[in-house]
Peer 1: 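This is the structure I have questions about; it appears just below.
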Amino acid sequence: MTSMFDPLQVGRIQLANRVVMAPLTRNRAPGAIPTPLMATYYTQRADPQNGAGLIVSEATAISHQGQGYSDVPGIWSDEQIAAWKKVTDSVHAAAGKIVVQLWHVGRISHVDLQPGGQAPVAPSAIRANTKTVLIRDGVPSFEDTSMPRALTLDELPGIVDDYRRAARNAIAAGFDGVEVHGANGYLLDQFLRSGSNTRTDAYGGSIENRARFLLEVMRAVTQEIGGDRVGLRLSPVTPANDAQDPQPQPLFDYVVAQLAPLNLAFLHLIEGATGGARDHVQGDTPFDYAALRASYRNAGGKGAWMVNNGLDTALANQALAEGADLVAFGRPFIANPDLTRRLREGAALNEPDRATFYGGGAKGYTDYPTLA
Ligand code: 8OZ
C-alpha cells in the first residue's frame, strides 16, 4: 500500500515523499518583496527527511492589481525575482522542492492596495461579503473588501499575459514549477461561479463560458513553462471569500475534463470549506470528489491528485488508499517544521499560535521547535 513517505515523480518534479506543505498566507513580505526570514521559514520545512516532499509557496501576486492583502509577496518585478531566488536556492540546498502559487485576488481587495487607489477588478461589479487583511502601523486590521468594477472584454488578455509572465518569472526565480490559485473565491474562482459572475459575454452564463477564463490562463501558463511543472488548486464547494455556486459538480467536472489535455503535474483539491468542515455542501447534494477525479482520469488526465483540508494521519492514509497521490497539510506545517518526521514517528504536534498567522516577524514563524 502507498504510504505518505514514498517517493513520487510529479510531472517534471521528483518528490522524496508525498507530504506537501500547502500554501499559507503569512503577510511578512513588506513591499511585496520576499525576505531572508522567509527563506529561513521555507528552508526549515524543506528537507524531505523531516519536512515536506513539496512546498507550495504562500499565494503570490502576479501583478500589483492582483494584490488583495498587505505584505503578501509578488512575482512581477525583477526585484521580486531576485528575492525569491534566494528563497529557492536555500530550499534546494536543503534538498527541497518548491513551486510558487500564482495569485490574482480579483474582487478580494481594497482600494488602498490597488494601483492608484482604484477599485479592484472582478468578472462583475458585485462586492464580496468578506474581509481582507490590511496591516496598518504594523497591526493586522480586518477590513471589508472594496466594491469592484467589472473587467471589460479587452482587459482579459492582459491578465492572461500577467499569468504567463509570472510563470516565466517563477522559472527565472528558480522555482520547480507553479501552482495556479484557482480556489477560495479569488479571480479565477470568481469567473467560475454564478454568484460572482453575471457576465453576458463569452465569459459568463453557461458553464463553458464561466470556465473559459481559467482555461485560457491554464493554457497560457502551460505553453509558457510546460504543463509538467504546472499545478492548479481548486475548492469546489468552499464558501471562502463569498464564493457561491448552486451547482458545483457539473461545473468542476467540466473544468477538470478540459484540463486533461494540458499534461498538468498535479491538481490540488481543497475538500469542503477551506480550513473548515470537510463535508461542507454547496447546492443540493454533497460534492462527489471520486466522481471529479473520474471525470479527469476518463478525459485522459494523468496529473498527480493532491488532496487537502484538515488532514491527519488517518485521513491522509485513507485518501491515499482511495487513490490520492499527494496529501497537503497547511496549519500543521506552521507549527511543525519537521511535520513529516513527526507523522512518520507518530510524535505529538505543536499547536500554532493564531495571533501570529498574518504579519509580524520570527515569532510564530521561524521559532517553532523540531524534535531532538
Ligand atoms: C488566509 C488569509 C489570506 C489569504 C487563501 C490566499 O485562502 C489565501 C488566504 C488565506 O487561499
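Sequence positions, counted from 1, serve as the residue numbers for this chain. Atoms within each ligand, like the ligands themselves, are counted from 1 in listed order.
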Peer 1: Would you call the rings of Trp103 and His181 parallel, tilted or perpendicular, where under 30° means parallel and over 60° means perpendicular?
Peer 2: parallel
Peer 1: Before signing off on this row, confirm whether Asn184 and ligand 1 have an N or O atom pair separated by under 3.5 Å.
Peer 2: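 Checking ligand 1 against Asn184, an N or O pair does fall under 3.5 Å apart.
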Peer 1: Determine, using heavy atoms of Tyr358 and all atoms of ligand 1, whether some pair is separated by less than 4.0 Å.
Peer 2: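 Per 4.0 Å heavy-atom rule, Tyr358 contacts ligand 1.
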Peer 1: Among protein heavy atoms, which lies nearest atom 8 (C) of ligand 1, and at what distance?
Peer 2: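 Looking only at protein heavy atoms, the one closest to atom 8 (C) of ligand 1 is Tyr186 OH, 3.3 Å.
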Peer 1: Keeping Asp338 on the side-chain end and Leu371 on the backbone end, is there a donor-acceptor pair under 3.5 Å?
Peer 2: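 Yes.
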Peer 1: Short list, please: which atoms of ligand 1 are under 4.0 Å from a heavy atom of Ala59?
Peer 2: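 Ligand 1 atoms under the 4.0 Å threshold to Ala59: 6 (C).
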Peer 1: Which protein non-hydrogen atom lies closest to atom 6 (C) of ligand 1, naming both residue and atom, and how far is it?
Peer 2: Thr25 OG1, 3.2 Å
Peer 1: Do Arg28's NZ or CZ and the ring of Tyr365 fall within the cation-pi criteria of under 6.0 Å and 45°?
Peer 2: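 Verdict for Tyr365: a cation-pi partner in Arg28.
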Peer 1: Using a 4.0 Å heavy-atom threshold (strictly under), name the region of His181 that reaches ligand 1: side chain, backbone, both or neither.
Peer 2: side chain
Peer 1: Pick one: which of Glu179, His268, Arg233, Glu58 meets side chain to side chain donor-acceptor pair (under 3.5 Å) with Gln101?
Peer 2: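 The single option meeting the side chain to side chain donor-acceptor pair (under 3.5 Å) with Gln101 is Glu179.
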Peer 1: How are the rings of Tyr42 and Trp84 set to each other: parallel, tilted or perpendicular (split at 30° and 60°)?
Peer 2: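 Geometry flag for Trp84 against Tyr42: tilted rings.
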